[in-house]
**Q** 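Provided herewith is a single structure, encoded as structure tokens, for subsequent inquiry.
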Amino acid sequence: MTLIRSAFMQNRRLWLPVLNYIRAMSSEGGPTSPFSTLSISHPTEAITHVELHRPEKRNAMNRAFWSEMVDCFTQIADDSECRVVIVSGAGKIFTAGIDLMDMASDVLQPEGDDIARTSWNLRRIISKYQETFSVIEKCPKPVVVAVHGACVGGGVDLITACDIRLCTQDAWFQVKEVDIGLAADVGTLQRLPKVIGSRSLVNELALTARKMYSDEAKNSGLVSRVFPDKESMMAGALELAGEMAARSPVAVQGTKMNLIYSRDHSVAEGLQYMATWNMSMLQTQDVMKSAQAAMEKKSPKEVTFSKL
Ligand SMILES: CCC/C=C/C=C/C(=O)SCCNC(=O)CCNC(=O)[C@H](O)C(C)(C)COP(=O)(O)OP(=O)(O)OC[C@H]1O[C@@H](n2cnc3c(N)ncnc32)[C@H](O)[C@@H]1OP(=O)(O)O
């Protein structure tokens with residue numbers, strides 16, 4: 001709360017709605033229709049908060065969740081008001097991963113009357129499940145994820161597709177899949193090695209399913225900040241989101257897209273993609289506006305940028 005209080009004192013008018021929002025977050029609220037596993041809110045006009053919302057089941061990812069995430073992030077990608085997304089979990093923990101009760105019907109009993117057709121169907125299901133987290137990466141708006149308590153199995157798949165990871169001191173992370181007899185198949189094995197520098201640590205975590213606690217998560221680079229509790233973490237997430245939302249959406253979203261492209265390509269390919277990207281995006285009015293503000297020693301936050 002110290003963080004937000006000092007920001008609040010600097011600009012009381014701007015921060016009042018956010019402060020009220022953080023207070024309201026501790027109140028009871030259900031999923032947002034038409035979703036049954038997600039609660040969607042708007043702490044400010046430009047920030048969308050997506051909360052995993054099955055607290056009584058520790059936000060375990062049931063069949064509805066896997067498709068709702070795709071619908072939710074597809075809508076967010078198209079929403080010109082939204083500039084930044086925050087993802088968090090309701091209740092005691094961030095998420096317990098895949099819903100082990102719900103999993104049997106879909107993943108363990110795929111339809112098909114012979115091995116080829118059953119396998120083909122399973123491949124389709126796995127690809128569909130992969131899309132649940134790939135949509136986060138494909139969404140041009142930066143996504144900040146705030147983890148408290150446990151982040152198990154599918155939770156690690158989810159957070160590695162996000163752009164900025166924060167956690168509380170009590171958080172722990174577990175690539176749990178080997179414990180339930182499977183090789184993680186919806187993103188962790190592909191993205192975690194790009195997030196954490198040490199291949200050895202990634203291998204250790206994925207092959208043994210041991211828990212990684214917040215201090216190690218910070219030291220390894222999985223998260224960039226650790227907060228004492230959930231309230232201060234959400235205040236930190238909102239402050240960070242506010243910083244990004246105040247800047248040119250052309251610049252911010254172009255930066256996300258190019259960082260992801262460059263992660264998956266050579267430097268030469270990344271530079272070529274960047275040049276092609278900016279041959280149109282550099283023509284934005286936002287460059288002139290931002291440059292003028294810089295000349296006048298104003299913060300980018302004092303500039304009004306149009307929706308994108
Ligand atoms: C193609 C598919 C790709 C996806 C692959 C994904 C794989 C994975 O995610 S592997 C990981 C699977 N998850 C687990 O093994 C975690 C199991 N849960 C736990 O270990 C504990 O619940 C946890 C440490 C997370 C929290 O413990 P806590 O004491 O706080 O809660 P509990 O009393 O255990 O649970 C409360 C109720 O939630 C239900 N629940 C918890 N986890 C799951 C889950 N993964 N699936 C379904 N339901 C879950 C639990 O049954 C309790 O329900 P109830 O008895 O009705 O109160």
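Order of listing sets the numbers, starting from 1, for every ligand and every atom in it. Residue numbers count from 1 along this sequence.
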**Q** Answer yes if a protein heavy atom lies under 4.0 Å from atom 3 (C) of ligand 1, otherwise answer no.
**A** yes
**Q** For ligand 1, indicate whether the residue A150 contacts it via side chain, backbone, both or neither (heavy-atom separation under 4.0 Å).
**A**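 A150 to ligand 1: no contact under 4.0 Å from either part.
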**Q** Side-chain donor-acceptor pair under 3.5 Å between T95 and N59, yes or no?
**A** no
**Q** Indicate yes or no: does an N/O atom of L100 lie under 3.5 Å from an N/O atom of ligand 1?
**A** yes
**Q** Please state which protein non-hydrogen atom is closest to atom 35 (O) of ligand 1 and give its distance, to 0.1 Å?
**A** R58 CG, 3.9 Å
**Q** Does the protein place any heavy atom closer than 4.0 Å to atom 21 (C) of ligand 1?
**A** no
**Q** Do we see a donor-acceptor contact under 3.5 Å between the side chains of D157 and T188?
**A** yes
**Q** Using only heavy-atom distances, determine whether the side chains of E131 and S134 contain a donor-acceptor pair under 3.5 Å.
**A** no
**Q** Tell me which part of M61 gets within contact of ligand 1: side chain, backbone, both or neither, using heavy atoms under 4.0 Å.
**A**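 The answer is neither; M61 stays 4.0 Å or more away.
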**Q** Hey, can you tell me if Y261 and Y273 have their rings parallel, tilted or perpendicular (30° and 60° cut-offs)?
**A** parallel
**Q** Answer yes or no for atom 51 (O) of ligand 1: protein heavy atom present at a distance under 4.0 Å?
**A** no
**Q** Hey, is V186 touching ligand 1 through its side chain, its backbone, both or neither, going by heavy atoms under 4.0 Å?
**A**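 Near ligand 1, V186 shows its side chain, while the N, CA, C and O stay back.
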**Q** Verify the contact flag for atom 8 (C) of ligand 1, where contact means a protein heavy atom under 4.0 Å away.
**A**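 Within 4.0 Å of atom 8 (C) of ligand 1, protein heavy atoms are found.
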**Q** Hey, is atom 42 (N) of ligand 1 under 4.0 Å from any protein heavy atom?
**A** yes
**Q** Under 3.5 Å, is there a donor-acceptor pair linking the side chains of D229 and S232?
**A** yes
**Q** Heavy atom under 4.0 Å from ligand 1: found in I125's side chain, backbone, both, or neither?
**A** neither
**Q** Which protein heavy atom lies closest to atom 10 (S) of ligand 1, and at what distance to 0.1 Å?
**A**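 Answer, as residue, atom name and distance: I180 CD1, 3.5 Å.
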**Q** Give the residue, atom name and distance (to 0.1 Å) of the protein heavy atom nearest atom 47 (C) of ligand 1.
**A** D99 OD1, 3.2 Å
**Q** Determine whether a donor-acceptor pair (N or O, by modelled atom type, separation under 3.5 Å) exists between the side chain of S280 and the backbone of W277.
**A**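 Here the side-chain-to-backbone pair exists.
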**Q** Nearest to atom 37 (C) of ligand 1, what protein heavy atom do you find, and at what distance?
**A**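 Scanning the protein heavy atoms, the shortest distance from atom 37 (C) of ligand 1 goes to E56 O, 3.3 Å.
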**Q** Is the centre of the F133 ring less than 6.0 Å from the centre of the W66 ring?
**A** yes
**Q** Under 4.0 Å from atom 31 (O) of ligand 1, is there any protein heavy atom?
**A**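 Protein heavy atom within 4.0 Å of atom 31 (O) of ligand 1: present.
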**Q** Is any N or O atom of D157, backbone or side chain, closer than 3.5 Å to an N or O atom of ligand 1?
**A** no
**Q** Tell me the nearest of E177, M101, K176, Q174 to atom 11 (C) of ligand 1, using heavy-atom distances.
**A** K176
**Q** Do any N or O atoms from the side chain of K298 and from the backbone of S290 form a donor-acceptor pair under 3.5 angstrom?
**A** no
**Q** Compute whether any side-chain donor of one residue and acceptor of the other, for N278 and Q283, lie under 3.5 angstrom apart.
**A** no
**Q** Which ligand 1 atoms are under 4.0 Å away from a heavy-atom of G97?
**A** 9 (O)
**Q** Could you identify the single nearest non-hydrogen protein atom to atom 53 (O) of ligand 1 and state the distance to 0.1 Å?
**A** K57 NZ, 3.5 Å
**Q** Look up atom 55 (O) of ligand 1 and tell me if a protein heavy atom lies less than 4.0 Å from it?
**A** no
**Q** Out of R54, E68, H53, which residue meets the side-chain hydrogen bond (donor to acceptor under 3.5 Å, both in side chains) rule with S36?
**A** E68
**Q** Check the side chains of H49 and S88 for a donor-acceptor pair under 3.5 angstrom, ignoring hydrogens and angles.
**A** yes
**Q** Among all protein heavy atoms in this structure, tell me which lies nearest to atom 14 (C) of ligand 1, with the distance rounded to 0.1 Å.
**A**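 Going atom by atom, the protein heavy atom closest to atom 14 (C) of ligand 1 ends up being A96 O, 3.6 Å.
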**Q** Which residue owns the protein heavy atom closest to atom 29 (O) of ligand 1, what's the atom, and how far is it?
**A** K92 NZ, 3.8 Å
**Q** Atom 1 (C) of ligand 1: which protein heavy atom is closest, and how many Å away?
**A** Y129 CD2, 3.6 Å
**Q** T284 side chain to V287 main-chain N or O, any donor-acceptor pair under 3.5 Å?
**A**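 Checking the backbone N and O of V287 against the side chain of T284, no donor-acceptor pair under 3.5 Å is found.
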**Q** For atom 5 (C) of ligand 1, which of I98, D102, V107 has the closest heavy atom?
**A**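 Considering heavy atoms of I98, D102, V107, the nearest to atom 5 (C) of ligand 1 sits in I98.
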